[in-house]
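These values consider heavy atoms only, across backbone and side chains, with no hydrogens, waters or symmetry-generated copies. All values reported here derive from a predicted model rather than from experimental measurement.
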Amino acid sequence: MAIDNQTAGNPVPTTWLGAQLAPGISRGNFTTYLFAVFISSGYAGALSVLQPGLLHVMGIAQETQAMLTGYLGAMQELVFILLLGTAGALSDRIGRRPVYVFGLALTGFGFMLYPHASSISQLVAYRLLVAIGSAAMIGMMVTVVADYAAEKSRGRANGMQAMAATLGAFIPPILASLPRVFNGQGMDELAAQQWTFAVGGALGLAAAVIAFAGLAPGIKRSATAARESLASTLAGGIKAARDPQTALSYGAAFISRGDLAVTGAFISLWLVQYGTRELGLSASEAMFQLAVPRVLATVAGALLGSVIMGRIADRTSRVTAVAMASGLAAAVYSAVFLITDPTADWVIALLFVMGIAEISAFVSSQALVGQQAPEAYRGATIGFFGVAGAFGILIGTSGGGVLFAKVSPSAPFVLFGALNFAVCIWSLWLRKHLSHKTAATELSPASDIATSQ
């Protein structure tokens, strides 16, 4: 019988691509988790990329599309705000695997239904299904890595998770290319959209089966924790925010998720509208010729950024890593104000750097909350971390939709440039405060000796 690392008398740490895993977690568990992240991340961005084309095919007026995009995104984030903490607390009690499997399966099913909506009300109903599944799925995507990584390797493990998430971000542009392929096979625009969403939905159902087979089966709880109610577990997650570094991680979650939402929702919409209005392209052509290459540039930047920030977060304090990431994002998002033509060549370079900035904020915030979350309430604490992120996405999508339509397409990006700057200042202040506190602690024994003499 094989001896588990967790139960062996002299355990040997398991490593995977240089990251040390927590006791009892196998390479197979971590590999399965990364595959689930790959699919989860693909879903996180898929609607943002595909929805503009679907709204056009549904015959929704162009001046309404930005507002509707914002409101649908806002509704999803409201569901996240209501359910992420509960999903995390539930996973503290029954384990991560069942919650993750449920989330993947329901998201895939809702995704398949989405293009069959014949009215805005049906679109809302199907988006609710996607939102409920996504709350469980995204919550576990962040929580499981905190369970699976040893403390010394949290930055690197979160970097690998971010790399898998970044590779998953290639799924939306690939799916966005399918309507054009299906059009070429003789399908009309609506049928092409429906088949595209069907392919996307099948990915979630397949991932649910794989996650059920390959994730670690459960978590061990103390007898006291096992007797706690779900409400008590939720309360434990809320109380964790009293820690200043946990509070900062929540603020960083707010801006990092908002960054991703603004980029995902409004870059593609900006390019599709510009292509159809200014260049005379169809929605499918604008998506393929303009949006897909620029989305890929952002993804390529994120792929590089996940590796860099994963290493930085393990080699410096995680508060410092948050400061670096938010400072870079502040500069890049503010620079979008300078864009007058989103198809200009230099914009591709800016989007590449934007990808580095947004994934760096993502990795550093997750490494920080994973470090600070108490083990007994880890799911609930990270669930509320997700709630903070959902508020960021809510502001990015709903507020960003209004700014996009009423002010300018660059306005949502400038807003998050300012918010990133605020979090950068907060991080630098906390870093200085922690440094002074550490210095005082180190000096106190000497002071006590001097006093006694």
Side-chain angles (χ1 to χ4, degrees), residues 42-80 82-83 103-135 137 171-205 261 264-266 268-273 275-277 281-288 291 393-394 397-398 401-402 404-405:
Y43 276 131
L47 282 179
S48 296
V49 174
L50 294 177
Q51 190 168 260
L54 178 63
L55 296 181
H56 184 82
V57 169
M58 288 179 67
I60 295 172
Q62 192 171 85
E63 59 271 16
T64 306
Q65 291 177 16
M67 297 290 286
L68 181 59
T69 296
Y71 290 145
L72 286 171
M75 180 191 69
Q76 178 162 311
E77 298 316 310
L78 286 172
V79 173
F80 282 9
L82 293 173
L83 296 184
L104 286 164
L106 186 61
T107 302
F109 179 66
F111 205 81
M112 287 181 167
L113 291 176
Y114 203 67
H116 293 277
S118 57
S119 64
I120 290 178
S121 60
Q122 285 187 6
L123 201 67
V124 169
Y126 296 151
R127 185 63 175 261
L128 277 173
L129 285 180
V130 173
I132 293 169
S134 295
M137 177 183 70
I171 292 175
I174 291 171
L175 290 176
S177 302
L178 293 182
R180 188 170 181 267
V181 173
F182 291 137
N183 281 152
Q185 295 177 349
M187 293 186 188
D188 60 31
E189 290 273 353
L190 179 58
Q193 291 287 338
Q194 290 171 343
W195 275 97
T196 297
F197 276 81
V199 171
L203 294 175
L205 299 179
F266 298 114
S268 293
L269 183 62
W270 190 354
L271 289 160
V272 169
Q273 289 194 357
T276 55
R277 184 180 63 247
L281 301 174
S282 69
S284 296
E285 289 172 336
M287 181 68 70
F288 183 77
I393 296 172
L394 179 63
T397 52
S398 61
V402 174
F404 186 101

Which pairs would a plain distance check flag for residues 192-205, meaning a side-chain donor or acceptor within less than 3.5 Å of a matching protein atom at least two apart in sequence or in another chain?
residue	atom	partner	partner atom	Å
Gln194	NE2	His116	ND1	3.4
Thr196	OG1	Ala192	O	2.8

Task: Which residues share a side chain to side chain contact (heavy atoms under 4.5 Å, CB included) with Ala176, sequence neighbours left out - done: Val49, Leu50, Met287, Val292
- [ ] Check Gly108 against Tyr43 and note the closest heavy-atom contact, atom names and distance.
- [x] CA-OH, 3.4 Å
Open item on the list: Would you compute the distance between atom CZ of Phe266 and atom CG of Leu271 and round it to the nearest 0.5 angstrom?
Closed with: 13.5 Å
- [ ] Could you tell me the separation between the CG atom of Leu54 and the CD atom of Glu189, rounded to the nearest 0.5 Å?
- [x] 10.5 Å
Task: Approximate separation, where rounding is to 0.5 Å, of Leu175 CG and Phe111 CZ - done: 6.0 Å
TODO: Report the distance from atom CG of Leu128 to atom OG of Ser134, rounding to the nearest 0.5 Å.
DONE: 11.0 Å
Open item on the list: Using 0.5 Å steps for rounding, measure from the CG atom of Leu68 to the CG atom of Leu123.
Closed with: 6.5 Å
- [ ] With sequence neighbours excluded, tell me which residues meet side-chain hydrogen bond (donor to acceptor under 3.5 Å, both in side chains) with Gln273.
- [x] none
- [ ] Could you pull out all residues at least two apart from Tyr114 that satisfy side-chain hydrogen bond (donor to acceptor under 3.5 Å, both in side chains)?
- [x] Gln51, Arg127
TODO: Please name the pair of heavy atoms, one in Pro172 and one in Gly42, separated by the smallest distance, quoted to 0.1 Å.
DONE: CG-O, 3.5 Å
- [ ] Please report the closest heavy-atom contact between Leu190 and Pro115, naming both atoms and the distance.
- [x] CD1-O, 4.0 Å
Open item on the list: Which heavy atom of Ala135 sits nearest to which heavy atom of Leu83, and what is that distance?
Closed with: CB-CB, 4.0 Å
Task: Non-neighbouring partners of Val181 that pass side chain to side chain contact (heavy atoms under 4.5 Å, CB included), sequence neighbours left out - done: Gln185
Task: For Ser121, side chain to side chain contact (heavy atoms under 4.5 Å, CB included) partners two or more places apart - done: Ser119
